[in-house]
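Heads up, the thing below is written out as structure tokens.
This one's a predicted model, so the numbers in the text were calculated from it and none came from an experiment. These numbers come from the heavy atoms of this one structure, side chains and all, not from hydrogens, waters or symmetry mates. FYI, the numbering just counts along the sequence from 1.
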Amino acid sequence: MSRTVILPARMQEAIWTHVLRELPNEGVGVLAVHQDAPDTLLACYPLSNVAAQPAQRYLADPLQLLRALRAMRHSGLNLGAIYHSHPRGRARPSPTDLDLARYPVPYLIADVQGRELRAYLLPENTEIEVLLL
């Protein structure tokens with residue numbers, strides 16, 4: 001499947017603000033889309049990383065995730081993407097990232113040191129284009 005994720009500047013800023021604030025841990029959050037524009041990310045919902053080793057992996061707080069999904073639905077939005085950061089690694093899926101992938105949406109990975117965002121369909125590990133606006 002060929003797909004592009006459209007990431008407006010305000011969404012980029014929201015992601016970077018969140019993942020930098022979470023250092024040295026991985027940051028995690030979800031992004032919403034409208035059904036009429038399923039590739040354009042419109043809203044950012046930062047979540048707490050409750051993993052036992054948050055500097056090496058991410059696990060979104062389940063209650064916060066549920067609240068974010070409900071807020072999206074209430075606003076007429078849908079889950080469009082999941083993002084997380086690699087504080088000391090590249091913007092490529094790790095074996096843990098592949099194991100954690102459960103949702104059929106793009107996964108954005110933020111390479112904090114290289115200041116790079118990449119998107120993948122997981123667990124297939126297929127990179128897709130991120131169009132930065």
Side-chain angles (χ1 to χ4, degrees):
M1 167 177 18
S2 176
R3 189 161 171 195
T4 299
V5 172
I6 300 169
L7 190 61
R10 62 185 172 79
M11 292 295 95
Q12 294 173 58
E13 184 178 329
I15 292 170
W16 286 115
T17 297
H18 178 222
V19 301
L20 292 173
R21 185 179 65 233
E22 295 300 313
L23 289 173
N25 297 329
E26 291 192 13
V28 60
V30 291
L31 300 153
V33 296
H34 190 273
Q35 66 183 9
D36 293 337
D39 294 332
T40 302
L41 301 168
L42 299 173
C44 182
Y45 299 82
L47 305 171
S48 296
N49 181 354
V50 296
Q53 297 175 317
Q56 286 83 38
R57 63 185 310 153
Y58 73 93
L59 176 63
D61 179 291
L63 185 57
Q64 289 180 3
L65 177 58
L66 179 61
R67 287 180 181 150
L69 294 172
R70 284 182 178 161
M72 286 178 203
R73 188 175 26 189
H74 182 71
S75 298
L77 301 173
N78 299 316
L79 178 64
I82 297 170
Y83 72 87
H84 77 280
S85 61
H86 286 175
R88 289 164 298 288
R90 297 176 61 199
R92 307 266 189 279
S94 69
T96 301
D97 295 340
L98 297 174
D99 288 341
L100 289 173
R102 296 289 182 265
Y103 291 90
V105 297
Y107 285 74
L108 276 70
I109 301 175
D111 169 351
V112 175
Q113 292 178 343
R115 188 78 175 194
E116 178 182 34
L117 280 170
R118 290 179 170 242
Y120 299 86
L121 298 176
L122 300 180
E124 301 91 340
N125 199 12
T126 303
E127 186 169 7
I128 60 174
E129 181 182 13
V130 178
L131 181 57
L132 304 174
L133 297 182

- Quick one: which residue pairs count as a salt bridge (charged side-chain N to carboxylate O under 4.0 Å, His left out) with a foot in residues 87-97, not counting sequence neighbours?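 Every candidate salt bridge (charged side-chain N to carboxylate O under 4.0 Å, His left out) pair involving residues 87-97 fails, so no pair, neighbours aside, qualifies.
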
- Task: Using the salt bridge (charged side-chain N to carboxylate O under 4.0 Å, His left out) rule, collect all pairs that involve residues 57-71, keeping only residues at least two apart or in two chains.
- Result: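 Those involving residues 57-71 do not exist here.
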
Note, [X] side chain near [Y] side chain (heavy atom, < 4.5 Å):
{"X": "Leu47", "Y": "Tyr58", "result": "no"}
{"X": "Thr96", "Y": "Asp99", "result": "no"}
{"X": "Leu42", "Y": "Arg10", "result": "yes"}
{"X": "Tyr83", "Y": "Pro46", "result": "yes"}

So, taking the atom named [atom1] in [X] and the one named [atom2] in [Y], what distance separates them when rounded to the nearest 0.5 Å?
{"X": "Arg73", "Y": "Asn78", "atom1": "CZ", "atom2": "CG", "result": "10.0 Å"}
{"X": "Leu100", "Y": "Ser94", "atom1": "CG", "atom2": "OG", "result": "7.5 Å"}
{"X": "Glu13", "Y": "Met11", "atom1": "CD", "atom2": "CE", "result": "9.0 Å"}
{"X": "Leu133", "Y": "Ile6", "atom1": "CG", "atom2": "CD1", "result": "6.5 Å"}
{"X": "His84", "Y": "Leu108", "atom1": "NE2", "atom2": "CG", "result": "10.0 Å"}
{"X": "Glu22", "Y": "Asn49", "atom1": "CD", "atom2": "CG", "result": "7.5 Å"}

ILVMFWY cluster, [X] and [Y] together (side-chain gap under 4.5 Å):
{"X": "Leu59", "Y": "Leu65", "answer": "no"}
{"X": "Ile15", "Y": "Met72", "answer": "no"}
{"X": "Leu79", "Y": "Tyr107", "answer": "yes"}
{"X": "Tyr45", "Y": "Leu69", "answer": "yes"}
{"X": "Ile82", "Y": "Leu98", "answer": "yes"}

Which heavy atom of [X] sits nearest to which heavy atom of [Y], and what is that distance?
{"X": "Gln113", "Y": "Asp111", "answer": "N-OD1, 3.1 Å"}
{"X": "Val130", "Y": "Ala119", "answer": "CG2-CB, 3.4 Å"}
{"X": "Ala101", "Y": "Pro123", "answer": "CB-N, 3.9 Å"}
{"X": "Pro93", "Y": "Asn125", "answer": "CG-OD1, 3.1 Å"}
{"X": "Val105", "Y": "Ala81", "answer": "CG2-CA, 3.9 Å"}
{"X": "Ala60", "Y": "Val28", "answer": "CA-CG1, 4.0 Å"}

- Query: Does the Tyr120 side chain pair with the main chain of Ala91, one donor and one acceptor, at a distance under 3.5 Å?
  - Reply: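 Yes, because the side chain of Tyr120 sits within donor-acceptor range (under 3.5 Å) of the backbone of Ala91.
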
- Message: Test your reading of the model: is there a side-chain donor-acceptor pair from Ser85 to the backbone of Gly27, 3.5 Å cut-off?
- Response: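 Flag set: sc Ser85 to bb Gly27 pair under 3.5 Å.
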
With a cut-off of 3.5 Å and sequence neighbours excluded, list every side-chain donor-acceptor pair involving residues 31-41.
from	atom 1	to	atom 2	distance (Å)
His34	ND1	Asp36	N	3.0
Asp39	OD1	Arg3	NE	3.1

- Does the side chain to side chain contact (heavy atoms under 4.5 Å, CB included) test come out yes or no for Val50 and Gln64, once each step is laid out? CA-CA 11 Å; Val50 296; Gln64 289 180 3; over 6 Å; no

- Task: Using the side chain to side chain contact (heavy atoms under 4.5 Å, CB included) rule, pick out the option among Glu26, Glu116, His86 that qualifies with Ile109.
- Result: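 Running side chain to side chain contact (heavy atoms under 4.5 Å, CB included) over Glu26, Glu116, His86 with Ile109 returns exactly one hit, His86.
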
